[in-house]
Amino acid sequence: MKIEGQAALVTGGASGLGEATARELARLGAKVAVLDRNAELADKVAAEIGGIACVCDITDTESVNAALDKAAAAHGPARILMNVAGIGSAKRIVGKDGNPAPLEDFVRVVNINLIGGYNMARLFAARCAKLDAQGSGEKGVMLFTASVAAFDGQVGQQAYSASKGGLVGMTLPMARDLAQHAIRVCTVAPGLFATPLLMELPEAVQQSLAASIPFPPRLGKPSEFAELACHVVTNGHLNGEVIRLDGALRMAPR
Ligand SMILES: NC(=O)c1ccc[n+]([C@@H]2O[C@H](COP(=O)([O-])OP(=O)(O)OC[C@H]3O[C@@H](n4cnc5c(N)ncnc54)[C@H](O)[C@@H]3O)[C@@H](O)[C@H]2O)c1
């Protein structure tokens, strides 16, 4: 599907990988809606790329529908959904104090990363399915953002890995479901990227993380994620696939 002129939605578009994706889509001529719960940053990014900010919480159906309505009123119906919003967490199942990990933490991470992603996907897909197919035969395309932690999660990453593994697991069945509606679904599983989350770590920690990547031995650039996300849109034969983007990184236990 061509990107130019298309209405696109980017969750988590206010920061990091989502922001880079929003910028790349806009550079390639898409009309971009930045969907994020951080209003201030969403406004800033949207203003800089000539898009619109739609403040929403991806776990809240009412707020997502309001964001989709706002985006459609400004740009027309969206055919591209980049699901990038997500949160991290680190919690051992049995803490150093011997107590079980709080269940709320697991629920919160799975709720945002997995259930929020599914919520966005179902609400977007139902709208997209009603559109006419374009010249390429496609109605739309969507992307999820998993993580290499879906495959080799580290100590303390049960909630994060479970949430990202859930995205990996639903990629193929969702692509199969949506084949009849001419909507493609892919997932990117990034390794370690230089986003605000990692850039806030001490320099020495950043360097040791970078050194764990076989090649290139540096953190991924958000623009590299954005390039792949946009390639998924333009390459009409990519569907139902999970693509690792990690410089051959395989995470150690800790
Ligand atoms: N940075 C990395 O190295 C890395 C590696 C693997 C996977 N990922 C994944 O990539 C995605 C983006 O990560 P990032 O590093 O750019 O993080 P980030 O914190 O810079 O950006 C995440 C954005 O998502 C938004 N968000 C969070 N919860 C939301 C919700 N419920 N509703 C709406 N918006 C919400 C935040 O406000 C923020 O703007 C995440 O899903 C993360 O798990 C990142």
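Ligands are counted one by one from 1 in listed order, and the atoms in each one are counted from 1 as well. For the numbers below, each heavy atom of this structure counts, side chains included, while hydrogens, waters and symmetry mates do not.
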Original post:
Taking both backbone and side-chain atoms of Leu35, is any N or O found less than 3.5 Å from an N or O belonging to ligand 1?
Top reply: no
Subject >> Gly220 heavy atom under 4.0 Å from ligand 1 >> reply: no
Original post:
From Glu241 CD over to Arg184 CZ, what is the distance, rounded to the nearest 0.5 angstrom?
Top reply: 12.5 Å
Original post:
Which is it for Ser15 and ligand 1 at heavy atoms under 4.0 Å: side chain, backbone, both or neither?
Top reply: both
**OP:** Could you tell me if any non-hydrogen atom of Leu198 lies under 4.0 Å from any atom of ligand 1?
**Re:** yes
Subject >> Contact check, Gly88 vs ligand 1, heavy-atom distance below 4.0 Å >> reply: no
**OP:** Give yes or no for whether the N/O distance cutoff of 3.5 Å, strictly under, is met between Val84 and ligand 1.
**Re:** yes
**OP:** Heavy-atom contacts with Cys56 under 4.0 Å: which atoms of ligand 1 show up? List them by number with element.
**Re:** 32 (N), 33 (C)
Original post:
Given Leu17, Thr195, Asn113, Asp57, which has its nearest heavy atom closest to atom 44 (C) of ligand 1?
Top reply: Leu17
Original post:
What protein heavy atom sits nearest atom 32 (N) of ligand 1, and how far off is it?
Top reply: Ile58 N, 3.1 Å
Original post:
Side-chain donor-acceptor pair under 3.5 Å between Asn38 and Asp36, yes or no?
Top reply: no
Subject >> Identity and distance of the protein heavy atom lying nearest atom 26 (N) of ligand 1 >> reply: Ala85 CB, 3.8 Å
Subject >> ligand 1 contacted by Tyr160 (non-hydrogen, < 4.0 Å) >> reply: yes
Original post:
Between Glu19 and ligand 1, which residue portion shows a heavy-atom distance shorter than 4.0 Å: side chain, backbone, both, or neither?
Top reply: neither
Subject >> Any side-chain donor near an acceptor of the partner, Thr61 and Asn119, under 3.5 Å >> reply: yes
**OP:** Please determine if Ser147 has a nitrogen or oxygen closer than 3.5 Å to a nitrogen or oxygen of ligand 1.
**Re:** no
Original post:
Of the backbone atoms (N, CA, C, O) and the side-chain heavy atoms from C-beta on, which set of Ala146 has a member under 4.0 Å from an atom of ligand 1: side chain, backbone, both, or neither?
Top reply: backbone
Original post:
Nearest non-hydrogen atom to atom 38 (C) of ligand 1 belongs to which of Asn38, Asn83, Val64, Asp36?
Top reply: Asp36
Subject >> Enumerated ligand 1 atoms positioned under 4.0 Å from heavy atoms of Pro196 >> reply: 20 (O)
Original post:
salt bridge (Lys or Arg N to Asp or Glu O under 4.0 Å) between Arg92 and Asp97: does it pass, once the steps are laid out?
Top reply: CA-CA 11 Å; Arg92 288 179 187 233; Asp97 55 8; over 6 Å; no
**OP:** Check ligand 1 against Gly191 and write out every atom of the ligand that is under 4.0 Å from a heavy-atom position of the residue.
**Re:** 3 (O), 5 (C), 6 (C)
Subject >> Structural part of Ala149 in contact with ligand 1, heavy atom criterion under 4.0 angstrom >> reply: neither
Subject >> Ligand-side contact atoms (ligand 1) for residue partner Thr145, heavy atom cut-off under 4.0 Å >> reply: 9 (C), 10 (O), 11 (C)
Original post:
Just by modelled atom types, is the Gly116 backbone N or O under 3.5 Å from a matching donor or acceptor in the Thr59 side chain?
Top reply: no
**OP:** Could you list which atoms of ligand 1 come closer than 4.0 Å to a heavy atom of Ile112?
**Re:** 28 (N), 31 (N)
